[in-house]
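Okay, structure first, notes after.
Everything quoted here is computed from the prediction, not taken from an experiment. Reminder, nothing fancy here: chain letters follow the sequence lines and each chain counts from 1.
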There are 2 protein chains.
Amino acid sequence: MTKAPLGNLLFADAPMGAPPAPGLCPIRDVLSLVGQKWTLLILIALEAEPRRFSALQRAVGDISKRMLTQTLRDLERDGMISREVFPTKPPAVEYALTDLGRSALAPIAGLKDWANRHHGAIKAARTAFDGV
Amino acid sequence: MTKAPLGNLLFADAPMGAPPAPGLCPIRDVLSLVGQKWTLLILIALEAEPRRFSALQRAVGDISKRMLTQTLRDLERDGMISREVFPTKPPAVEYALTDLGRSALAPIAGLKDWANRHHGAIKAARTAFDGV
DNA sequence: GCTTGGCGGTCTACATACGAGACCATATCC
DNA sequence: GGATATGGTCTCGTATGTAGACCGCCAAGC
């Protein structure tokens, strides 16, 4: 019973026994998105209002175009944001949160709260550990 | 006012204007831990009871000793788990969740719930996107 | 005509993260 | 002596993440 490796089920309700196929474990899937460096930042930047490519880059500040493009693609692929192209003279591209993307902000806020509450403890633990 | 790049504050309450120093942004810090491949798996494996090194490796299933060691070190450094060595003949080492580590399981559960609820939508969006 | 600058990206190069497996010292079992 | 188990470290090669230069298009300035 407990013989099936955790890696296959990843504390989700996925079937056991199978090799760790992609898409098998919800949490793993979601984390591989959320865990990326810029994902959350972009979601937050879009929370208030839709933004265009360059506006996003300016808002985030230190992200390269390459990473911005890639992260936006990933988010779009997962249905978290929408991408709309306006055929203006210099073509404008606007990105906006979808309902799915907006719904993700709630659990993320929970994580953010935890982070803010316990960040001091983490930093203290780190200092103590490194000081040894 | 909105001139300070988001990257510096990372939607947390960190002071603005400074370069993105490590440890400045709680969320970034926490995510760099949680976003690692094995971190959550190990926290989950330790949720029920403390475990020894080899027991952890067997529980997770497909993790190498190298990654197990490294992830455990990181978790210990951040005060999420404790490490206790028993001077038995073949020395035994037991890992357990600290209070801090245990407190992190709550927000993680929130994320897990969201993942389970919306994983279908994400997979559908992915299929649609890839099918284009 | 020529340059300069913004827009929305792609392409190339490097650093880090990850994975597979050898190796170590000790001790027990057969 | 050989196999097994303990808790690791070390080296190597590969996958992935990240940054920075580059590109074609168009508009404005001169």
Side-chain angles (χ1 to χ4, degrees), chain A residues 5-8 10 19-22 25 28-29 31-42 45-46 50-78 81-96, chain B residues 5-7 10 19-20 22 25 28-29 31-42 45-46 50-78 81-96:
Chain A
L6 265 181
N8 290 348
L10 262 304
C25 166
R28 189 100 107 177
D29 252 23
L31 272 184
S32 70
L33 217 216
V34 163
Q36 284 181 335
K37 191 170 180 182
W38 303 106
T39 303
L40 290 188
L41 225 28
I42 288 175
L46 289 177
R51 281 176 194 266
R52 295 174 51 183
F53 187 89
S54 320
L56 274 174
Q57 190 176 15
R58 276 189 300 269
V60 173
D62 58 346
I63 187 174
S64 68
K65 291 178 180 184
R66 167 129 168 37
M67 286 316 298
L68 183 53
T69 300
Q70 182 176 311
T71 308
L72 286 171
R73 284 277 183 285
D74 289 347
L75 284 170
E76 186 193 358
R77 185 171 110 97
D78 286 356
I81 64 174
S82 63
R83 176 177 186 271
E84 190 176 4
V85 182
F86 296 93
T88 54
K89 280 326 181 77
V93 182
E94 192 171 85
Y95 295 91
Chain B
L6 264 181
L10 262 304
C25 165
R28 189 100 108 176
D29 253 21
L31 274 184
S32 71
L33 217 216
V34 163
Q36 285 180 335
K37 189 169 181 181
W38 302 107
T39 304
L40 289 188
L41 226 25
I42 289 175
L46 289 177
R51 281 175 193 267
R52 295 172 51 183
F53 187 90
S54 322
L56 274 174
Q57 190 175 17
R58 278 188 298 267
V60 173
D62 57 346
I63 187 174
S64 67
K65 289 179 177 180
R66 178 169 176 337
M67 286 317 297
L68 183 54
T69 301
Q70 183 176 313
T71 309
L72 286 171
R73 285 277 184 285
D74 289 347
L75 284 169
E76 187 194 358
R77 184 171 109 97
D78 285 357
I81 65 174
S82 64
R83 177 177 185 271
E84 191 177 2
V85 182
F86 297 93
T88 54
K89 281 326 181 75
V93 181
E94 192 171 86
Y95 294 91

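- Looking at the side chain of B:Ser64, the nearest of the listed nucleotides C:dT10, C:dA20, D:dG20 is C:dA20.
- Within the 3.5 Å criterion, the main-chain N or O of A:Glu76 finds no donor-acceptor partner in the side chain of A:Arg83.
- For the pair A:Phe53 and A:Lys65, the tightest heavy-atom approach, listed with the atom from each and the gap, is CZ-O, 4.0 Å.
- Regarding A:Arg83, its CZ atom lies at a distance of 4 Å from the P atom of C:dG9, rounded to whole Å.
- The nearest whole Å value for the distance from the CD atom in A:Gln36 to the P atom in C:dA17 is 15 Å.
- Put simply, A:Arg52 has no side-chain N or O that comes within less than 4.0 Å of OP1 or OP2 on C:dC7.
- Rounded to a whole Å, the NZ atom of B:Lys37 is 9 Å from the P atom of D:dT16.
- At C:dG19, one or more side-chain N or O atoms of B:Trp38 fall inside 4.0 Å of OP1 or OP2 (strictly under the cut-off).
- Here the side chain of B:Met67 is nearest to one of D:dT6, C:dG19, D:dA19, namely C:dG19.
- Atom-to-atom, CD of B:Gln57 to C1' of D:dT9 comes out at 14 Å; the value is rounded to the nearest Å.
- Close to C:dG9, at under 4.0 Å from its OP1 or OP2, lies a side-chain N or O of A:Tyr95.
- One interatomic measurement links the two molecules: CD1 of A:Ile63 to P of D:dA19, which rounds to 8 Å at whole-angstrom precision.
- In this structure, A:Lys37 and A:Ile63 have side chains that are not in contact, with every pair of non-hydrogen atoms separated by 4.5 Å or more.
- In this entry the distance linking CG of A:Leu72 with C1' of C:dC7 reads 14 Å, nearest Å.
- For the pair B:Arg51 CZ and D:dG7 C1', the computed distance is 17 Å after rounding to whole Å.
- For the OP1/OP2 pair of D:dT6 and a distance below 4.0 Å, the side-chain nitrogens and oxygens of B:Arg58 include at least one atom meeting the criterion.
- B:Ala92 and B:Thr88 make their closest contact through N-OG1, 3.4 Å (heavy atoms, listed as atom of the first residue, atom of the second, distance).
- The two residues B:Arg28 and A:Asp62 come nearest to each other via the heavy atoms NH2-OD2, 4.3 Å.
- In this structure, B:Gln70 reaches neither bases nor backbone, as no heavy-atom distance under 4.0 Å exists between it and the strands shown.
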Sub-3.5 Å pairs of nitrogen or oxygen atoms, protein against nucleotides 10-15 of chain D:
{"unit_1": "D:dT11", "atom_1": "O4", "unit_2": "B:Arg66", "atom_2": "NE", "d": "3.3"}

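- Between the CZ atom of A:Phe53 and the C1' atom of D:dC25 there is a distance of 15 Å, rounded to whole Å.
- Here B:Ser54 lies in heavy-atom contact (under 4.0 Å) with sugar-phosphate atoms only.
- Using a 4.5 Å heavy-atom threshold, the side chains of A:Trp38 and A:Leu72 count as separate.
- Checked options B:Leu75, B:Asp74, B:Ile42; the residue passing with B:Gln36 is B:Asp74 (criterion: side chain to side chain contact (heavy atoms under 4.5 Å, CB included)).
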